[in-house]
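Report on the following structure.
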2 protein chains.
Amino acid sequence: MASSVLGGLTPRAREIVQAARGLLDEEGPGALSMRRLGERIGMRAPSLYEHVRDKRTLEAALISVGFEEQAALFTRATDRSEEPLIAVAAAYREFARRQPHLYRLMTERPLHRELLAPGVEDAAALPVLLAMGGDLERTRALWAFAHGMVILELNHRFPPDADLDDTWRKGIEAFRTMRPA
Amino acid sequence: MASSVLGGLTPRAREIVQAARGLLDEEGPGALSMRRLGERIGMRAPSLYEHVRDKRTLEAALISVGFEEQAALFTRATDRSEEPLIAVAAAYREFARRQPHLYRLMTERPLHRELLAPGVEDAAALPVLLAMGGDLERTRALWAFAHGMVILELNHRFPPDADLDDTWRKGIEAFRTMRPA
DNA sequence: GTCTATATCAAGATAGAC
DNA sequence: GTCTATCTTGATATAGAC
């Protein structure tokens, strides 16, 4: 079991969460309704409530899995890298581009941290913090830059002629070369 | 007339857009329904359609006004400033904090540029570009940082103990001290 | 454990009377 | 120009039968 979050569920609940993930990935958060979810696994929507508490809890499970995947991806990217900051930024962007809908779900609303699997958020943040030499505020500033880049791109807010690879490079360079406080 | 966007509307349409702005500012995008809007100005929802094409067009009018306000605010902040980059960043943050719901409306979805008043988007961007010495890609990187900071703060995504003033300072410093490409 | 039926709520938009 | 009535769609969630 790659995910300890999924591993902690009953088989039917796991099936539901996995179906939710498929629906989310394929059609976005707007398509993630209990009805559509029921359709996907051949069950009426009301029956889902026998296995998952409510929709918020279901979304929290998806978010927990997302954090697990980020933690693995970021750790792999920074391990043995000579430029961990560049590597983790590339990994961050890659995660968001490959799973844009999950990324939105994870960032566009307040986190219900009490519904998350314990520790998953910190586990995802740790490799980024290490890549920034342990400086919390600089790490958050880098995160803001990376999130801004990713979400503005997903929202098609950059002008069509923007050279985003170059923008990424210059932004990262700003953080990489700044002298420690 | 402070706004050329509002100035171009019939009186009734202007009244509707202004009521929409009030509703948005007070209760957020979720409360901005044609029904609620009708209530606010003492008119049934269907009658609104005599004055505004549809909801998307109405939202686009609000966004155009937002860009006008940003342009004025950013220009005022950078004029005669000795540190225009710091000044424009502060103004950007101030705009978002003072009108969080309008800010969301302006950034969280793809822009329907064809529905905007011509030129308003560029007018808001220009003072930022000037503050960055005319470098487009660096300006976009700064924008991504500022947007990331603002939207993560609005979404309550930073941990409660985060010192956001300090994070802003460090992020801006990274961009301010970076050597030109 | 799953079903049907239903409660409740809210949305955008149109037809046609006045 | 505004109204009432309505269409169409969709959501989360519960009650109670099987």
Over how many whole Å does the gap from Glu50(B) atom CD to dG12(C) atom P extend?
17 Å
Distance in angstrom units between Leu48(B) CG and dT4(D) C1', rounded
15 Å
How long is the line joining CZ of Arg44(B) and P of dC18(C), in whole Å?
18 Å
Taking the side chain of Lys55(A) as its heavy atoms from C-beta onward, which of dG12(C), dA13(D), dT2(C) lies nearest to it?
dA13(D)
Measure from the side-chain heavy atoms of Pro46(A) and tell me the nearest of dA13(D), dT4(D), dA13(C).
dA13(D)
Leu23(B) CG to dA10(C) C1': how many Å, rounded?
14 Å
For the pair Glu59(B) and Arg109(B), find out whether any cationic side-chain nitrogen is under 4.0 Å from an anionic carboxylate oxygen.
yes
Should the pair Arg93(A)-Asp165(A) be classified as a salt bridge under the 4.0 Å nitrogen-to-oxygen rule?
yes
Rounded to whole angstroms, how far apart are CE on Met43(A) and P on dT2(C)?
4 Å
Closest to the Ser33(B) side chain: dC3(D), dA11(C), dC3(C)?
dA11(C)
Rounding to an integer number of Å, can you tell me how far Arg36(B) CZ sits from dG12(C) P?
12 Å
Quickly work out the Leu37(A) CG to dG10(D) C1' distance and round it to whole Å.
16 Å
Given dG12(C), dA13(D), dT2(C), the nucleotide with the shortest approach to the side chain of Asp54(A):
dA13(D)
So which one's nearest nucleotide on DNA chain C is more toward 5', Arg35(A) or Gly42(A)?
Gly42(A)
When the distance from CG of Leu58(A) to C1' of dA13(D) is rounded to whole Å, what number comes out?
14 Å
Can we say Glu26(A) and Arg40(A) salt-bridge, meaning some charged N sits less than 4.0 Å from an Asp/Glu carboxylate O?
yes
Does a side-chain N or O of Arg53(B) approach OP1 or OP2 of dA13(C) to a distance below 4.0 Å, or not?
no
Between NE2 on residue His147(A) and CG on residue Leu152(A), distance to nearest 0.5 Å
8.0 Å
is_close_aromatic(Phe67(A), Phe74(A)), centroid dist under 6.0 Å
no
Quick one: is dC3(D) close enough that its OP1 or OP2 comes under 4.0 Å of any side-chain N or O from Ser47(B)?
yes
